[in-house]
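Working notes for the structure below.
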Amino acid sequence: MSEDKKSLNFLEQIIEEDLANGLDKKNLRFRFPPEPNGYLHIGHTKAIGISFGLGEKYNAPVNLRFDDTNPAKEEQEYVDAIKKDVSWLGYSWDKELYSSDYFQQLYDWAILFIKEGKAYVDSQSSEAMAEQKGTPTQPGIDGPYRNRSVEENLELFNQMKNGLFNEGDHILRAKIDMKHPNMLMRDPIMYRILKKHHHRTGNTWCIYPMYDWTHGESDYIEQISHSLCSLEFKPHRELYNWFKNQVYQYSKETYPILPKQREFARLNLSYTIMSKRKLLKLVEDRIVNGWDDPRMPTISGLRRRGYTPTAIRKFVETVGVAKRDNVIDVSLLEFCIREDLNKTAPRVMAVLDPVKLIISNYTEGKEEWLEAENNPEDESAGFRKIPFSRELYIERDDFKEEANSKYFRLSLGNEVRLKNAYIIKAHSVIKDDNNTITEIHCTYDADSLSGTGSEASLRKVKGTLHWVSTKHAIKADVREYDRLFMDEAPDSHQEIDFMEFINPDSLKLINAFVEPSLAEAKVGDRFQFQRIGYFNVDYDSKPSHIIFNKTVGLRDSWTKKKPEEQPQNIASTPIQNQVQRKAIDVIQQLGKKFTNLPEAKQLKAKKDIQELAKQVSYEELEPLFGTATKKVGTRIATMITLDVLLKGGLKKNAQIEDFIEKALVDNEPLLVAHAKAISLV
RNA sequence: UGGCUUAUGGUGUAACUGGCAACACGUCUGGUUUUGGUCCAGAAGAGUCUAGGUUCGAGCCCUAGUAAGCCAACCA
């Protein structure tokens with residue numbers, strides 16, 4: 001009951017307002033209207049979350065309506081996939097509907113339009129019509145068929161419907177205004193001839209209605225109260241309302257509610273793309289292995305990758321809803337899935353990059369089955385047994401011959417704990433001809449077994465390693481994924497095609513050793529491989545050949561601390577670019593705080609600015625001359641930078657003089673002092 | 001040369017009718033820990049795009065700029 005403290009997003013505010021203005025809560029109704037021409041992606045999840053979320057919040061029905069007005073692109077396969085995805089996310093729709101259900105009603109209304117002179121048949125080529133339509137900056141002109149008689153229009157439209165013409169011969173247009181500033185209002189097309197088989201209506205129609213004519217009227221027929229869509233449909237709203245107001249005249253008794261379209265910003269995720277067309281290209285070009293490839297931002301891809309509906313819904317809820325363009329950092333998505341899996345995923349041990357560890361003082365042939373906790377976050381998860389023996393695998397990364405005190409893992413002469421087992425100490429290594437370590441020899445402390453409570457078992461050691469017994473471990477394939485694109489916003493560049501940014505190393509195949517309990521893992525099961533990350537069993541998996549997908553790594557505050565050891569992989573490059581800020585930006589920031597700084601720090605800041613100023617061009621600096629009067633610090637920083645530039649040979653111009661003059665008469669002595677110094681240059 | 005929309009820490013979203021700019025992610029400290037995870041405690045980071053105006057008081061209202069996005073498919 002206390003959650004109503006939470007502030008409402010702008011859509012909820014609109015609804016609350018409508019409710020306050022007399023809209024009956026019973027009449028609240030929403031819809032999610034996908035076109036069945038592709039798979040749903042994480043961006044759609046936002047739209048789904050908004051409409052279905054509102055349905056849940058107000059206890060109102062939400063229809064799932066397939067916007068299937070283009071038989072050329074739409075297929076049953078997509079309908080099935082969409083239904084599966086929406087259900088998987090945990091939403092249930094009120095009615096499953098199709099725009100094609102309304103073809104007859106739409107046709108009947110269109111006839112009325114013609115009779116009232118609100119629509120006409122145009123018989124020009126699409127090129128001719130495009131020309132008459134004008135451009136966003138230039139009005140259109142009327143075409144030659146605009147004033148055909150009602151009888152002729154009726155006759156032609158009837159013949160169109162009856163298949164007497166070829167595709168492209170004629171279209172039906174609404175008669176609105178060819179000079180309208182909104183291009184969508186310049187006599188928009190309502191029907192085109194398409195002699196194609198439709199996945200629902202078969203061959204009964206050879207004219208198909210266009211989006212604008214269909215979508216809004218479908219909302220109206222279903223008596224949707226709030227029709228929510230993404231921002232690019234904002235210009236359509238005017239046409240949406242125009243059509244709506246016409247049909248309302250014909251059908252207000254049957255359909256009293258006028259739907260209201262409102263628009264929100266769609267979701268963008270960094271390092272990926274969200275266009276169905278482009279995703280389709282990745283599939284068709286075999287960049288990925290299908291729509292549900294775990295690297296895809298599709299819902300089916302995320303599902304296969306191991307994401308949970310809970311995590312995805314939490315993500316959508318967290319990103320919020322507003323009207324400005326946004327790019328959400330993938331780290332937020334990763335946080336959401338970690339948060340969920342941390343609570344629910346059983347812990348197991350798996351070694352992805354193995355090196356042999358031999359415990360020389362452990363009896364040969366001996367084996368012990370040790371107790372291991374399944375999930376420290378969930379007491380009810382219980383315990384399991386894992387086998388221990390003289391020969392184990394550990395991660396190659398977990399050993400270094402020599403290491404400094406910051407290294408918590410195994411090194412020669414140092415102790416470390418084997419998770420759920422004993423404390424060991426490394427003594428020597430064996431290497432092959434390439435100087436690669438093939439075996440690590442160590443001894444164990446027999447009294448240090450985990451959980452025994454003995455003094456030795458309670459000893460504190462710096463690190464704990466995961467391991468598997470070589471004799472008992474089973475082999476498994478692990479598919480490790482990296483981002484598909486190396487650019488933060490791959491499809492936002494005008495000159496560079498998004499395909500140029502594809503990361504060639506987005507899939508890594510790993511032969512791993514996993515603990516034997518995993519032999520019983522079933523498709524879809526999720527685990528935490530301790531100290532590594534979260535993994536789930538892929539559907540390619542067979543009992544004899546288990547395959548895991550890496551969902552996401554554990555948060556890692558260690559690897560990023562050792563830059564000298566970080567491989568110079570491609571994927572990290574854009575991040576570095578992003579972090580490297582422009583000198584002028586840093587100067588601005590230093591300036592903001594400048595006047596608040598104690599004198600010593602001011603001097604340092606000034607030095608920093610002077611240093612940075614060497615990288616600044618006059619073009620970058622000039623806009624800062626317009627800095628608000630009250631932002632004295634920024635003006636001082638600008639002055640210091642300008643000083644450096646002038647000393648570097650820059651000539652004074654009117655803007656510079658003006659900037660200095662204003663500074664000379666300021667109230668802030670520090671600024672005046674800097675301005676005085678510079679005026680002598 | 002047009003129309004529409006948007007502008008708040010690195011990212012995203014808040015800030016009720018004008019009143020100390022908040023929350024989450026990310027970053028950085030420290031503590032706990034048989035996962036360098038989790039958890040706990042804390043820190044840094046915003047002069048709210050710019051310039052004016054109204055007001056005791058503006059992120060919010062007004063005016064003018066600037067920047068970004070969308071709009072010219074017989075796609076949705």
Side-chain angles (χ1 to χ4, degrees), chain A residues 6-9 33-35 37 67-70 72-74 122 126 129-131 133-140 167-168 170-171 180-184 186 189 191-194 208 210-212 214-215 229 231-238 263 265 270 276-277 318-329 331-336 338-339 342-343 347 349 373 376-377 406-409 417-421 423 450-451 457-458 460-466 528-533 553-559 561 578-579 581 589 592-593 623 626-631 633-634:
Chain A
K6 224 178 129 194
S7 60
L8 304 175
N9 67 46
E35 182 189 11
N37 69 340
D67 226 333
D68 56 349
T69 59
N70 187 351
K73 295 201 287 186
E74 293 149 9
D122 200 337
S126 57
M129 287 192 294
E131 200 151 316
K133 199 167 183 182
T135 69
T137 54
Q138 285 171 316
E167 291 185 12
H170 307 278
I171 52 153
H180 202 287
N182 181 348
M183 293 207 58
L184 290 157
R186 322 237 257 234
I189 299 176
Y191 281 94
R192 77 284 213 192
I193 299 169
L194 243 33
Y208 288 91
M210 299 286 290
Y211 165 82
D212 286 296
T214 313
H215 185 90
C229 60
L231 233 42
E232 69 265 30
F233 291 99
K234 176 71 225 284
H236 293 252
R237 185 151 111 198
E238 198 169 14
E263 310 81 12
S270 62
K276 271 198 262 186
R277 205 197 83 236
T318 309
V319 299
V321 185
K323 279 206 266 196
R324 54 177 148 163
D325 290 339
N326 58 79
V327 181
I328 283 127
D329 203 306
S331 66
L332 183 60
L333 218 209
E334 292 179 346
F335 166 80
C336 292
R338 284 194 194 105
E339 186 187 43
N342 176 52
K343 285 183 285 203
R347 319 281 132 129
M349 292 202 282
E373 193 177 12
E377 305 296 316
K406 287 280 184 195
Y407 190 75
F408 295 176
R409 285 112 102 138
R417 171 170 293 280
L418 294 175
K419 179 84 183 168
N420 302 312
I423 293 173
S450 294
S457 77
L458 297 174
K460 299 283 176 203
V461 287
K462 238 158 77 181
T464 301
L465 307 187
H466 61 275
Q528 184 197 92
F529 290 1
Q530 279 179 117
R531 303 211 303 133
I532 304 176
L554 249 32
R555 224 174 128 246
D556 186 353
S557 47
W558 164 243
T559 46
K561 270 190 189 166
Q578 187 197 354
V579 169
R581 299 165 61 204
Q589 195 196 6
K592 278 177 192 170
K593 291 280 171 193
T627 300
T629 322
K630 60 182 174 181
K631 295 179 194 170
T634 307

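Nothing here was measured: the structure is a model prediction, and the numbers come from that model. Here is how names work: the chains are called A, B, and so on, in the same order as the sequence lines, proteins then strands, and each is numbered from 1.
Nucleotides B/U33 and B/U50 place their P atoms 49 Å apart, quoted to the nearest Å. Going from the C1' atom of B/A14 to that of B/U54 covers 26 Å, rounded to whole Å. B/A7 and B/C16: their P atoms are spaced 15 Å apart (whole Å). B/G10 and B/A44: their C1' atoms are spaced 12 Å apart (whole Å). Taking atom C1' on both nucleotides, B/U29 is separated from B/C70 by 45 Å, rounded to a whole Å. On the C1' atoms, B/C71 is 34 Å away from B/A46, given to the nearest whole Å. Nucleotides B/A15 and B/C20 place their P atoms 14 Å apart, quoted to the nearest Å. Taking atom C1' in both B/U13 and B/U1, the straight-line distance is 37 Å, to the nearest Å.
Evaluation of the side chain to side chain contact (heavy atoms under 4.5 Å, CB included) rule for A/Asp122 yields A/Tyr120, A/Gln124, A/Met129, A/Tyr145, A/Ile171, A/Arg173 as partners, not counting sequence neighbours. Take A/Gln138 and apply the side-chain hydrogen bond (donor to acceptor under 3.5 Å, both in side chains) test, not counting sequence neighbours, and it matches no residue. With sequence neighbours excluded, the residues forming a side-chain hydrogen bond (donor to acceptor under 3.5 Å, both in side chains) with A/Arg417 are A/Ser450, listed by chain and number. Taking the salt bridge (charged side-chain N to carboxylate O under 4.0 Å, His left out) definition, one finds that A/Glu167 meets it with A/Lys196, sequence neighbours left out. Qualifying salt bridge (charged side-chain N to carboxylate O under 4.0 Å, His left out) partners for A/Glu35, counting only residues two or more places apart in sequence or in other chains: none. Shown here are the salt bridge (charged side-chain N to carboxylate O under 4.0 Å, His left out) partners of A/Glu339, two or more places apart in sequence or in another chain: A/Lys314. Taking A/Arg192 as the reference, nothing meets the salt bridge (charged side-chain N to carboxylate O under 4.0 Å, His left out) condition, with sequence neighbours excluded. The side-chain hydrogen bond (donor to acceptor under 3.5 Å, both in side chains) test applied to A/Glu263 returns A/Arg237, A/Gln261, not counting sequence neighbours.
Contact annotation: A/Lys133 does not reach the phosphate of B/A72 (side-chain N/O to OP1 or OP2, under 4.0 Å). Within the 4.0 Å cut-off from OP1 or OP2 of B/A73, not a single side-chain nitrogen or oxygen of A/Arg192 is found.
For the pair A/Asp329 CG and B/G12 C1', the computed distance is 9 Å after rounding to whole Å. Atom-to-atom, CG of A/Leu194 to C1' of B/A76 comes out at 14 Å; the value is rounded to the nearest Å. The distance from atom CZ of A/Phe335 to atom C1' of B/U13 is 15 Å, rounded to the nearest whole Å. Between the C1' atom of B/G26 and the CD1 atom of A/Ile328 lies a distance of 14 Å, rounded to the nearest Å.
Counting only heavy atoms from C-beta outward, the side chains of A/Asn37 and A/Asn70 never approach each other to under 4.5 Å.
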Can you name the atoms? Protein N/O to nucleotides 68-71 of chain B N/O, anything below 3.5 Å, with the distance.
| residue | atom | partner | partner atom | Å |
| --- | --- | --- | --- | --- |
| B/G69 | O4' | A/Asp325 | OD2 | 3.3 |
| B/G69 | O2' | A/Asp325 | OD2 | 3.2 |

Between the protein and nucleotides 19-21 of chain B, which nitrogen or oxygen pairs come in under 3.5 angstrom?
none

Which protein N or O atoms sit under 3.5 Å from an N or O of nucleotides 37-40 of chain B?
| residue | atom | partner | partner atom | Å |
| --- | --- | --- | --- | --- |
| B/G37 | OP1 | A/Ser557 | OG | 3.0 |
| B/G37 | N2 | A/Arg347 | NH1 | 3.4 |
| B/G37 | N2 | A/Glu377 | OE2 | 2.9 |
| B/U38 | OP1 | A/Arg555 | NH1 | 3.4 |
| B/U38 | OP2 | A/Arg555 | NH1 | 3.1 |
| B/U38 | O2' | A/Asn342 | ND2 | 3.1 |
| B/U38 | O2' | A/Glu377 | OE1 | 3.1 |
| B/U38 | O2' | A/Glu377 | OE2 | 3.3 |

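Judged by distance alone, the side chain of A/Arg338 and the main-chain N or O of A/Gly553 form a donor-acceptor pair under 3.5 Å.
Counting non-hydrogen atoms under 4.0 angstrom, A/Lys343 reaches nothing in the nucleic acid. Contacts of A/His466 with the nucleic acid, taken as non-hydrogen atoms under 4.0 Å apart, are absent. In this structure, A/Thr214 reaches neither bases nor backbone, as no heavy-atom distance under 4.0 Å exists between it and the strands shown.
Between A/His236 and A/Tyr211, the angle of the ring planes goes over 60°, which puts this pair in the perpendicular group of the 30/60° scheme.
By the 5.5 Å and 30° criteria, A/Tyr211 is not stacked with the base of B/A76.
Comparing B/A24, B/A76, B/U35 by their closest approach to the side chain of A/Asp67 singles out B/A76. Distance from the side chain of A/Asn326 is smallest for B/G12 among the nucleotides B/U35, B/G12, B/C4.
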* Dot-bracket summary - RNA chain B, pairs being Watson-Crick or G-U whose distances fall under 3.5 Å, with | when paired to another strand -> .((((((..((((.....[..)))).(((((.......))))).....(((((..]....))))))))))).....
